[in-house]
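For this chain, numbers begin at 1 and follow the sequence in order. Reckoned from all heavy atoms, side chains included, excluding hydrogens, waters and symmetry mates.
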Amino acid sequence: MSASQLKGTLSTNSVSGWAGAEADDVDIRKRCGLGSVLVSESMEVEEDECHLLVSPREGKQVVMSRKSSAAVGATLTRMAKKFKCETTDLCIVDSEGEVVGDCESEVSTSQLFKTGNCLMFKDQVLPIQHDIPILLDIHIHAYPIVGLPLMPILVLERAQNYFCKFQWYRSSGHVARKMKWQHDAFGVHSQLELKDTDVLVAETPIYIPTEDDVGSQLLCVCTPRSRTLAGVTTVVLAGATRVGHRKRVLQRGDVCVVRNFNIHPIIQQRFNHAGHNPLSTGMIRVITYNILLDIFCDGPWQLENLFPYLDPFYAPSEYRNQIILHEVYSYRGDFVCFQEVGHNDYHDFFEPHLTRYGMSGVFGNKISTQQWGMATFFRRDRWSLLETRRLDLTQRWRKHKHIAEKIVGTPLEDQLVHSTTVAQMTLFYCIDGSRNHQGALLCVVNSHLFSNPAAPHIRTIQAAVLAAEVDQHYKDIAVIWCGDFNATHDSGVVDFLKTGTVSRNHMEWAEGAAFIREDSDTKKKREHAWHHVLDIPDIDIVRRLFRALCLRTVNAEGIDVASPTVMGAVIADACQTCEHSSKIVEHIDRDKQYEYHELFIVAHYIKNAGLEVWDAFAKAVATKFALPTKSRLPCGDKLLTQPTDWTAPYIALDMDHSLPLARANTGEVSYCAGKADPDPYTVDFMFYSHKHLKQVQPGFPQFAVEDLTCGIPQETLPSDHVAHVADFLWTKSVKKSAFATSSY
């Protein structure tokens with residue numbers, strides 16, 4: 001080829017376009033566009049290395065790694081061996097067509113393999129491209145289900161999502177165990193290749209499977225691109241686990257498209273209610289939802305002990321997140337408050353999907369090395385985020401003197417410090433266009449209080465700290481406070497938020513004195529401790545007995561009141577006629593006022609008298625006082641708490657708050673702790689400032705106990721909680737000028 005011919009060839013293969021002259025028309029079964037040399041300078045590879053991907057228009061591709069300082073002659077000689085050609089078939093030319101390097105050149109590889117030069121391979125001119133777009137990671141964190149969108153999540157270098165090219169193929173026959181992902185200087189790629197029988201179904205960033213896809217697999221082909229360049233194409237299988245930056249054999253890569261999931265009747269009623277009651281100006285819709293962290297659902301221990309009825313297909317987050325997303329989007333809410341959100345679930349699934357639906361979110365990780373926490377999403381077209389606060393409730397109590405002075409130096413300090421609890425406070429500015437409420441401020445509080453059922457005192461302290469923080473930063477501003485309180489409607493924390501006060505004589509302070517913090521630093525220990533307290537029958541019976549008797553205490557005026565003690569005579573009388581009564585009552589002092597933790601001493605000695613004695617005691621008190629019964633695990637050989645030093649005084653505080661809170665009517669059932677014999681109750685609540693807001697009635701359809709007796713999670717209800725949804729209206733006009741001098 002003459003110099004003039006070479007110059008003409010160079011002018012028609014401009015390096016300012018896509019990588020390779022035919023990049024838009026090439027067979028996507030190749031890793032990259034043909035007719036180019038890609039030089040990688042990825043931030044994830046060693047700086048002293050030069051990585052080359054040579055793609056002739058005919059023949060095989062060659063990938064090479066060379067020291068940047070290596071002579072270009074040696075690089076071309078090695079390249080000739082890989083192509084099995086003569087060394088004279090390769091040389092480097094500049095933009096003018098002049099040869100600047102051949103197999104005899106001593107110039108460094110990095111100097112000649114630069115943008116503007118070309119590699120001559122026989123009669124082919126291959127432009128050299130630097131700064132190519134690189135796809136570092138790609139995955140689709142969802143099972144393919146008809147009607148639910150699939151969105152690839154990309155990690156890019158020198159590329160933008162907007163310019164990337166996507167193609168979706170309907171396929172079959174790919175086996176997960178034979179698929180490996182690798183990460184090299186040109187990004188992540190798989191050994192997966194398209195087949196001639198694969199059918200192109202879409203060329204969009206997001207694909208919604210159809211009935212025609214049922215039983216097939218879906219492949220997404222992605223080419224990373226910037227405005228002017230294209231990188232290496234990668235193929236990913238929908239339903240596969242996360243690729244990551246390392247080799248991995250996929251675990252669920254052979255998932256086929258399944259038909260649309262069934263919708264629970266109550267959920268369908270809620271969808272209908274949302275459709276018939278769209279949001280209007282001045283109206284606020286809030287959803288709170290504990291979505292069940294993946295590691296608490298998808299594992300051998302969980303499926304065997306907590307959810308033995310659950311089909312393993314419905315346990316992974318790849319399925320459950322799809323159903324959760326569809327549900328919360330269908331409610332068309334202003335705010336979505338999630339609890340138990342995994343870090344990856346937030347960033348790789350909920351945040352990108354809800355962003356597409358017009359929402360933005362804020363994530364708050366727990367005070368732990370474990371990557372999960374809570375998230376608050378809001379509608380961008382109706383609300384503007386002014387500020388967000390992530391409160392560390394393991395330490396924030398130290399800022400409140402009336403609490404800290406009672407706790408520092410006591411066992412309760414260690415319990416609070418190791419609770420890992422956080423909360424979110426977010427301040428919003430209303431931009432819904434309403435004449436009277438445009439500019440109104442609203443504080444949304446998202447909380448997930450300490451979970452151990454034997455520690456109600458910790459939850460009350462955490463709520464008191466959070467209420468004080470809200471009052472300090474957002475005084476006289478409307479508040480909606482929602483979340484998982486890990487407490488029932490008759491608990492101290494719920495009573496505290498409704499009434500504004502909790503007394504030091506509340507029975508839960510005594511109940512909390514029996515709490516011993518368990519080590520849960522590892523996943524295995526946390527799994528074991530999650531339901532440990534309620535799964536031990538002797539602990540459960542003492543807890544229920546104490547609560548039942550405290551609520552039945554009569555004061556001097558003959559009025560039923562709550563008391564932090566239980567009279568021994570009441571318990572002894574209940575056991576007088578039962579089997580082994582003499583062995584039971586000998587451990588009970590009839591004249592003693594027993595505090596909660598002291599009942600464990602009694603239970604300990606009764607149990608040591610023999611399991612048949614303990615069974616008689618448990619049956620007698622359950623029958624006499626109509627204690628709720630549940631199916632429990634076999635009785636253990638010892639109590640969780642041992643009667644060591646019960647003489648130390650326990651912590652009890654008088655606490656109050658000034659927030660004008662009312663409890664929203666969102667239903668009496670929201671949680672079911674799994675098991676084959678579930679017992680649904682409520683631990684999720686929503687409170688609101690009745691001074692500024694009122695709840696819209698009738699509200700969303702609510703779940704009843706009989707709706708959850710089959711146990712959750714399940715196919716149609718993807719968490720062990722159900723969502724709470726409520727609508728609110730402003731109680732009075734709030735003009736924008738009212739906040740003109742606000743410091744927020």
Side-chain angles (χ1 to χ4, degrees), residues 18-20 22-34 36 38 40 42 44 53 55 61 129 131-144 149-171 174 176 179-195 198-209 213 216-246 248 250 253 255 257 318 344 347-349 351-353 355-356:
W18 299 105
E22 303 174 12
D24 285 336
D25 304 316
V26 299
D27 185 349
I28 63 164
R29 292 165 178 78
K30 297 293 184 180
R31 284 195 60 203
C32 66
L34 301 180
S36 65
L38 304 184
S40 173
S42 172
E44 299 209 352
L53 176 58
S55 302
Q61 294 178 330
Q129 304 282 9
D131 299 324
I132 62 168
I134 293 177
L135 182 61
L136 296 175
D137 192 7
I138 178 172
H139 61 281
I140 304 171
H141 191 73
Y143 283 170
L150 296 173
M151 178 190 296
I153 304 302
L154 312 180
V155 179
L156 299 166
E157 183 178 311
R158 295 191 294 271
Q160 296 81 41
N161 279 64
Y162 176 80
F163 295 113
C164 292
K165 182 177 181 180
F166 298 91
Q167 294 177 306
W168 295 85
Y169 283 79
R170 184 186 304 139
S171 184
H174 295 288
M179 293 169 52
K180 293 183 179 180
W181 292 90
Q182 292 181 320
H183 184 267
D184 59 24
F186 298 96
V188 67
H189 57 93
S190 70
Q191 297 176 347
L192 184 66
E193 293 186 358
L194 295 178
K195 303 177 180 179
D198 295 341
V199 179
L200 178 66
V201 294
E203 296 186 272
T204 55
I206 298 172
Y207 179 65
I208 301 177
D213 300 321
S216 299
Q217 297 164 323
L218 290 174
L219 299 175
C220 177
V221 182
C222 176
T223 303
R225 286 180 167 179
S226 63
R227 183 179 296 275
T228 58
L229 296 172
V232 174
T233 293
T234 298
V235 182
V236 64
L237 185 61
T241 52
R242 184 174 173 82
V243 173
H245 294 186
R246 58 191 182 277
R248 168 176 286 184
L250 300 183
V255 175
V257 179
E318 289 89 344
N344 289 340
H347 290 286
D348 297 343
F349 186 82
E351 196 273 337
H353 276 282
T355 294
R356 172 174 168 259

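Every residue two or more places apart in sequence or in another chain was checked for a ring pair (Phe, Tyr, Trp, His ring centres under 6.0 Å) with Phe166, and none qualifies. With sequence neighbours excluded, no residue satisfies side-chain hydrogen bond (donor to acceptor under 3.5 Å, both in side chains) with Gln160.
The distance from the CG atom of Leu136 to the OG1 atom of Thr234 is 10.0 Å, given to the nearest 0.5 Å. Distance check, rounded to the nearest 0.5 Å: OG1 of Thr233 to CG of Leu194 gives 10.0 Å. Expressed to the nearest 0.5 Å, how far SG of Cys220 lies from CG of Leu150 amounts to 9.0 Å. Rounded to the nearest 0.5 Å, atoms CZ (Arg170) and CG (Leu219) are 11.5 Å apart.
Side-chain contact between Ser55 and Leu38 is absent, with no heavy atoms from C-beta onward closer than 4.5 Å. Between Leu135 and Val232 the shortest side-chain heavy-atom distance does not fall below 4.5 Å. The shortest distance between side-chain heavy atoms of Ser40 and Ile134 falls below 4.5 Å.
Nearest heavy atoms, Ile140 versus Val236: CD1-CG1, 4.0 Å.
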request  = For side chain to side chain contact (heavy atoms under 4.5 Å, CB included), just list the numbers for Asp131 and Ser226, CA-CA rounded to whole Å, side-chain angles, deciding distance to a tenth of an Å, and then say yes or no.
outcome  = CA-CA 10 Å; Asp131 299 324; Ser226 63; over 6 Å; no
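In this structure a side-chain-to-backbone donor-acceptor pair under 3.5 Å is present from Trp168 to Thr204. A side-chain donor-acceptor contact under 3.5 Å links Arg158 to the backbone of Ile132.
Aromatic ring pairs are classed by plane angle as parallel below 30°, tilted from 30° to 60° and perpendicular above 60°; the pair Phe349 and His353 is tilted.
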